[in-house]
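A, B, ... follow the sequence lines: proteins, then strands. Residue 1 opens every chain.
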Protein chains: 2
Amino acid sequence: MKRSVRPLTLRDVSEASGVSEMTVSRVLRNRGDVSDATREKVLAASKRLGYVPNKIAGALASQRVNLVAVIIPSMKNMVFPEVLSGVTSVLEDSGLQPVVGITDYLPEKEEKVLYEMLSWRPSGVIIAGLEHSDNARAILAASGIPVVEIMDVDGEPVDTAVGISHRAAGRKMGEAIVAAGHKRIAFLGTKMPLDHRARKRFEGFTQALAKAGIEMADQEFYSGGSALAKGREMTKAVLERTPDLDFIYYSNDMIGAGGLLYCLEAGLNVPGQIGLAGFNGVELLQGLPKMLATMDACRAEIGRKAAEIILARSADEAVKFDEKIELTPRIAPGDTMR
Amino acid sequence: MKRSVRPLTLRDVSEASGVSEMTVSRVLRNRGDVSDATREKVLAASKRLGYVPNKIAGALASQRVNLVAVIIPSMKNMVFPEVLSGVTSVLEDSGLQPVVGITDYLPEKEEKVLYEMLSWRPSGVIIAGLEHSDNARAILAASGIPVVEIMDVDGEPVDTAVGISHRAAGRKMGEAIVAAGHKRIAFLGTKMPLDHRARKRFEGFTQALAKAGIEMADQEFYSGGSALAKGREMTKAVLERTPDLDFIYYSNDMIGAGGLLYCLEAGLNVPGQIGLAGFNGVELLQGLPKMLATMDACRAEIGRKAAEIILARSADEAVKFDEKIELTPRIAPGDTMR
DNA sequence: TTGAAAGCGCTAACAC
DNA sequence: GTGTTAGCGCTTTCAA
């Protein structure tokens with residue numbers, strides 16, 4: 001039942017309704033004054049034919065594109081879908097549409113995706129992180145498009161940044177753990193050359209321990225695979241290697257959850273014998289046997305804020321925002337921290 | 001440091017390099033024969049200026065858009081990001097770019113998103129499910145664009161469908177549970193008016209039990225909230241209400257995982273006293289205390305296959321595919337089914 | 001191998 | 001309230 005090869009144009013609707021193309025265009029966009037009679041005719045003809053406007057032509061003519069590029073490292077980490085949720089909730093019914101690009105944490109891919117998206121001339125760019133290749137920073141800066149870098153504020157934004165300080169987050173958690181009297185502390189996380197935010201948390205954490213005169217008792221890093229399973233394995237390995245640990249700080253909640261499950265099954269008293277903490281505040285934690293200590297990364301809030309900035313900027317080029325908008329995450333001690 | 005308001009055009013590169021716009025265009029697209037000398041000049045000028053081609057103009061002129069619309073219900077359910085992964089892996093370096101739209105399981109929103117995406121004249125549409133509003137089906141059919149409906153084959157596709165039969169999946173699991181000698185069987189799942197695939201599994205499951213002369217011993221449905229926590233709560237509730245249950249079939253792995261954690265904590269012997277099974281085969285299961293019985297929904301495979309069809313079709317309009325491509329999921333009994 | 005002209009389908013700007 | 005004209009920035013086509 002494949003019909004017409006040629007998609008319908010404004011002209012088809014114009015002819016079918018006996019109204020000029022320009023007026024048809026006005027009706028379909030709700031612009032300018034059009035008499036009710038004409039409007040009816042146009043709408044009827046348009047619907048009857050099954051006309052779908054060509055936004056490509058529209059965008060070229062009006063020099064306006066209702067797209068917002070959202071560039072994130074991954075979809076597999078629940079954190080990013082949640083940021084995206086925040087973005088979407090604000091953009092919904094604003095006339096702007098988010099379009100997502102994935103970088104897999106690879107700078108080359110980021111550059112490619114960015115170039116690809118900018119070539120569609122979006123109304124704004126929301127991009128994760130502050131670390132980009134020189135080239136990426138250059139084309140962003142030269143694009144003349146509002147850019148919001150999200151999730152992180154430890155660095156120099158191209159334009160505007162919305163996020164938390166991961167260094168401070170790591171430090172804060174370190175201080176809390178030390179304050180609770182722990183001495184034999186380990187860190188488990190992802191391999192970090194690519195994940196700058198995890199790295200910054202690690203740095204802040206180490207720093208806080210150092211300040212208290214405590215040296216990291218053990219550490220281990222992974223990449224790939226089921227995070228829950230990895231958390232389990234790594235926890236086992238590290239506890240066998242360093243049995244006197246009294247706290248493990250995980251770079252994300254999923255491996256933390258795996259660690260928690262392992263400790264409980266191994267009959268360890270959590271947090272009596274060993275305390276645990278993760279990072280992100282993912283929803284999943286609510287279903288675990290114990291609520292893992294964590295720190296909310298303000299994901300939805302970041303997404304919302306970023307979208308609001310783009311929205312305001314695309315409505316009025318002159319609006320000014322602070323260069324950095326820093327949100328402050330709190331520790332949620334749950335049941336795994338004393 | 002905001003520079004030029006006007007983005008660069010081919011003309012700027014043409015002037016900067018002393019080569020005609022047409023030839024610049026050829027160089028930038030690697031089309032046609034261009035002398036090495038000219039190519040060098042153009043590339044140098046383009047890079048120096050930081051030119052980013054305008055795909056909107058290009059698409060309008062060439063009547064070709066390298067975008068593939070991927071329309072899915074949600075990002076919060078890991079299933080869809082995984083399908084998306086499959087799509088991306090095939091499209092990568094093919095010149096086609098996936099663009100994602102989210103429907104939140106709402107038909108009206110699906111229609112809106114679809115209309116929005118079709119107005120960009122993508123090279124193909126990949127859309128979840130076979131149930132769409134009449135209007136949505138009509139504009140899809142009239143678009144003249146290759147359409148692949150994914151995840152499900154129980155129904156009539158607009159164009160091509162790739163997926164599994166959820167009715168058969170539910171039936172198969174029901175038969176396996178009955179064959180293992182279970183008699184007091186419950187179903188826990190999402191509220192289903194919107195989730196057609198969950199509904200079909202439920203129907204197939206009920207059918208299989210009925211055929212064996214077994215009536216569902218209990219059932220409960222939820223919506224919203226942390227799936228893991230919900231699975232836990234619902235399992236508790238249903239076991240208190242119907243203590244003699246010997247099997248619970250969950251409509252997805254996350255609530256199944258919650259149920260499993262609850263049962264283990266309650267000291268129940270799994271699967272001795274009570275068997276459990278979920279659906280999807282999510283990676284997370286690997287980190288649980290016991291491997292939950294499940295059924296792989298072939299997510300990545302579906303995504304890959306769908307992308308291949310779009311790719312083939314966009315390269316050669318005449319290629320024909322079967323109307324339905326059905327994949328066959330297998331039961332993975334794990335440690336929670338006897 | 002390169003260039004010139006025409007036009008993709010729509011909308012801004014201006015007439016009527 | 002409605003129509004006309006002139007492009008938007010690129011690629012197709014054809015000529016050189």
A side-chain contact here means heavy atoms from C-beta on lying under 4.5 Å apart; do [X] and [Y] qualify?
X: B:Leu114; Y: B:Thr103; result: no
X: B:Asn135; Y: A:Lys47; result: yes
X: B:Leu28; Y: B:Leu10; result: yes

What do you reckon, is [atom1] of [X] surrounded by more than 12 foreign heavy atoms closer than 6.0 Å?
X: A:Asp134; atom1: CG; value: no
X: A:Lys109; atom1: NZ; value: yes
X: A:Lys305; atom1: NZ; value: no

(request) For DNA chain D, note the earliest and the latest nucleotide, 5' to 3', having some atom under 4.0 Å of a heavy atom belonging to chain A. (result)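 With heavy atoms of chain A under 4.0 Å away, the range is D:dG1 to D:dG9.
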
(request) May I ask you to say whether A:Arg11 pairs ionically with A:Glu15, meaning some side-chain N is under 4.0 Å from a carboxylate O? (result)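 A:Glu15 and A:Arg11: salt-bridged.
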
(message) Run the side-chain contact (heavy atoms from CB on, under 4.5 Å) test against B:Asn54 and tell me which residues pass, sequence neighbours left out.
(response)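 side-chain contact (heavy atoms from CB on, under 4.5 Å) check on B:Asn54 returns A:Arg121, B:Ile56, B:Ala57.
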
(request) Could you tell me whether the phosphate oxygens of C:dG3, OP1 or OP2, come under 4.0 Å of any side-chain nitrogen or oxygen in B:Thr23? (result)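 Yes.
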
(request) Summarise how protein sits on nucleotides 6-16 of chain C as a single string, 5' to 3': B when a protein heavy atom is under 4.0 Å from the base, S for sugar-phosphate-only contact, - for no contact. (result) -BBBBBBB---

